[in-house]
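The structure under discussion appears below in the form of structure tokens.
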Amino acid sequence: MLRLFNSLTRKKEVFAPLKPPDVGFYACGPTVYGYIHIGNLRTFIFEDLLRRYLKYKGFKVTQVMNITDIDDKTIRRSNEEGIPLSEFTARYEKAFFEDIKAMNIEPAEHYPRATEHIDEMVSLVKQLIDGGYAYEQDGSFYFDVAKFKPYGALSGIEPGSTKTRSRIDQDEYEKQDVRDFALWKAKRENEPFWETEIGPGRPGWHIECSAMSMSYLGETFDLHTGGVDNMFPHHENELAQSQAATGKPLARFWLHSEYLLLDKSKMAKSMGNIYTLRDILALGYKARQLRYLLLSSHYRKQLSFSLDLLEQAGASLCRIDDFVRNLRSAGTFDADSPELAEATEKCRSRFEEAMDDDLNISKALGVLFTFIRTVNERLQESGISGGDRANIEALLTKLDGIIGVLELGQEDEMPAEVRELIDKRQEARESKNWKLADEIRDQLKEHGIVVEDTKDGVRIKRL
RNA sequence: GGCGGCAUAGCCAAGUGGCUAAGGCAGAGGACUGCAAAUCCUCGAUCCCGGGUUCGAAUCCCGGUGCCGCCUCCA
């Protein structure tokens, strides 16, 4: 039974979807005004893990991730570059899809763009106006926070306790209460706008998520996720305006992933302490190495990023890779081992047990590594039967459906040149010409090929 | 100022009342190997500090200390 930590109740709760086996899942997506950084990726990886695990558990997931292609930042940046907003955002949207693909993040079912759902937003604003939750000021519309009693329930921010802050509206919009937020911003100079029933203008930040989530998933859906920094004000406002409009809960479970820290503070574009995936790749690291790192720590714990950690992640991953290679290259026999069958089943059940506990991935990976050691012992002592091996490979395939980080596919054909070198080295070894054999081994290494001699023959490893 | 989180071996990290405190990385020694790699074996922490509760606490309570965050755009 899967239990998830619900930010709404601040407790782990048994997850059961509204209409099993369907799960409606809304994940806050990127604002496409620059390359995403690895802190953003941490959240997307968390959502990917959640999505994959839900599928593993037999749920049918419909995931929606918005693309914010209109907001203050996208408008400002595109103006600075002097190109149309759509051209500007298309560039970073494309980069976003490239990045998540490189990270082996499963695509969501829908990636709605804000600019393509203006109608839905306008009708939501109208609903709020009709319900008395919104007021107009100089052509803009604001949500009247005082009218929505449960406000603050998600983030735990008490309206009265907030620091006295001179929140003089930097955008020069007039609000009645500092806590009120814009639903619809009136048309302004040098900004894109839409002619609508509520006048010319553009959407506020929060309204897009309410409009799009509800139009794709219904007024109440199962899961809403994002980084903790979105809890307030974004999710709080989203929840307020949605529930005020429909009178129904928006999402049943709200999950938030913690920050990725760099140099002891959160990684954020506004602070400049960021690494993008492209930076990481340029340093010679692999995307799956980063995936493993971001994946392997619990999503609700802050993770302090460093290149050293990335190295460690790579080394851990290497152990798994070596295991897969060793398992596949081992000679086999017929007699199955009851102990191995039991260990395999135990690995599966304990891995699942750990994941059921709010995605306790660290524990789950611990289970996997313990299993790897057990099998390695076998491989070393007595070898393995074909049946056991197939059984273990099947488990690895199943688990990789969750973690998405193993390399279980067939390896590519080796270039003839490399093949020849390997054969030549074998000949040299047979005639005990160690010097030549070692030279060839060095040559192969330059081709990114590591050869290992085992009792079952030569084993090839690609770097 | 209000509110929240975290603190376990060199690094990462599980464990939230009771057998020898998971697992990974790094390191040391050994086995295996022509050498190497991989693999296996052996080696490391009494759990930030101080009180308290309890037969018994890393695990609960109180008080500190340190770090991060939210209250403003931000995954």
Side-chain angles (χ1 to χ4, degrees), chain A residues 10 27-31 33 36-47 71-73 152 155-167 170 178-179 205 225-234 236 256-261 264-271 274 292-293 296-304 306 308-309 311-323 325-326 329-330 350 354 357 360-373 375-381 429 432-435 437-438 441-442 445 450-455 458-459 461:
Chain A
R10 290 170 192 84
C28 266
T31 300
Y33 70 103
I36 56 170
H37 58 70
I38 61 177
N40 302 130
L41 276 173
R42 184 188 193 190
T43 295
F44 298 139
I45 291 281
F46 146 64
E47 285 154 354
D71 81 322
D72 295 352
K73 287 190 289 273
S155 60
I157 288 170
E158 303 273 330
S161 72
T162 50
K163 184 166 64 176
T164 310
R165 48 185 197 275
S166 53
R167 227 169 75 167
Q170 297 163 348
V178 288
R179 295 176 300 152
W205 175 29
T225 65
V228 275
D229 42 359
N230 271 341
M231 200 147 122
F232 188 90
H234 185 51
E236 191 70 64
H256 293 95
S257 59
E258 259 295 348
Y259 291 119
L260 185 66
L261 309 180
K264 298 209 158 189
S265 59
K266 70 170 172 172
M267 191 175 286
K269 283 179 189 149
S270 57
M271 302 183 73
I274 65 168
Y292 183 87
L293 173 61
S296 63
S297 67
H298 189 77
Y299 75 96
R300 280 193 294 115
K301 285 193 90 171
Q302 294 180 346
L303 174 61
S304 216
S306 69
D308 180 53
L309 271 191
E311 303 269 1
Q312 286 189 26
S316 300
L317 200 47
C318 193
R319 180 164 167 84
I320 305 178
D321 291 343
D322 284 338
F323 170 68
R325 201 172 293 112
N326 295 352
S329 65
R350 292 197 173 164
D357 182 17
N360 191 339
I361 186 72
S362 309
K363 192 177 188 178
L365 289 173
V367 169
L368 177 60
F369 278 109
T370 301
F371 175 65
I372 286 175
R373 178 173 300 269
V375 179
N376 274 336
E377 278 168 29
R378 273 281 161 165
L379 287 174
Q380 167 142 319
E381 280 167 23
R429 290 189 71 234
K432 300 205 189 301
N433 186 349
W434 308 125
K435 188 165 176 289
D438 290 350
R441 184 161 61 195
D442 290 341
K445 195 155 189 184
V450 173
V451 286
E452 301 174 356
D453 305 313
T454 75
K455 65 179 192 301
V458 64
R459 188 165 58 210
K461 182 165 159 182

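A, B, ... follow the sequence lines: proteins, then strands. Residue 1 opens every chain.
For A:Lys445 and B:A36, the shortest distance from a side-chain N or O to OP1 or OP2 is not below 4.0 Å. Residue A:Lys435 places no side-chain N or O under 4.0 Å from the OP1 or OP2 atom of B:C35. Between A:Tyr259 and B:C70 there is a side-chain polar atom (N or O) within less than 4.0 angstrom of OP1 or OP2. Look at A:Arg319 and you won't find any side-chain N or O under 4.0 angstrom from OP1 or OP2 of B:A26. Phosphate proximity of B:C70 to A:Asn230: absent, as no side-chain N or O sits under 4.0 Å from OP1 or OP2. The side chain of A:Arg429 places no N or O atom within less than 4.0 Å of a non-bridging phosphate oxygen (OP1 or OP2) of B:C35.
A stacked arrangement is assigned to A:Trp434 and the six-membered base ring of B:G34, with a centre-to-centre distance below 5.5 Å and an interplanar angle below 30°.
Using a 4.0 Å heavy-atom criterion, one finds that A:Lys264 contacts the sugar-phosphate atoms exclusively.
If you find the closest nucleotide of RNA chain B to A:Gln302 and to A:Ser155, the one lying nearer the 5' end belongs to A:Ser155. Comparing A:Ser304 and A:Glu47 by the nucleotide of RNA chain B whose heavy atom lies nearest to each, the residue mapping closer to the 5' end is A:Ser304.
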Self-check item: Evaluation steps, salt bridge (charged side-chain N to carboxylate O under 4.0 Å, His left out), between A:Lys445 and A:Asp442
Solution: CA-CA 5 Å; A:Lys445 195 155 189 184; A:Asp442 290 341; over 6 Å; no

Exercise. Assess whether salt bridge (charged side-chain N to carboxylate O under 4.0 Å, His left out) is satisfied between A:Arg319 and A:Asp322, documenting all intermediate values.
Key: CA-CA 5 Å; A:Arg319 180 164 167 84; A:Asp322 284 338; over 6 Å; no

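Relative ring orientation between A:Phe371 and A:Phe323 is described as perpendicular, the plane-to-plane angle rising above 60° on a 0-90° scale split at 30° and 60°.
Judged by distance alone with a 3.5 Å cut-off, a donor-acceptor contact links the side chain of A:Arg441 to the base of B:A36. Contact annotation: side chain of A:Gln312 to base of B:C11, donor-acceptor pair present below 3.5 Å. Judged by distance alone with a 3.5 Å cut-off, a donor-acceptor contact links the side chain of A:Thr43 to the base of B:A75. No N or O donor and acceptor, one from the side chain of A:Asp229 and one from the base of B:C70, sit under 3.5 Å apart.
Rounded to an integer number of Å, the gap from A:Asn376 CG to B:C40 P is 4 Å.
Remark: B:A22 base-pairs with no nucleotide in the shown strands. Criterion, Watson-Crick or G-U wobble with two distances under 3.5 Å.
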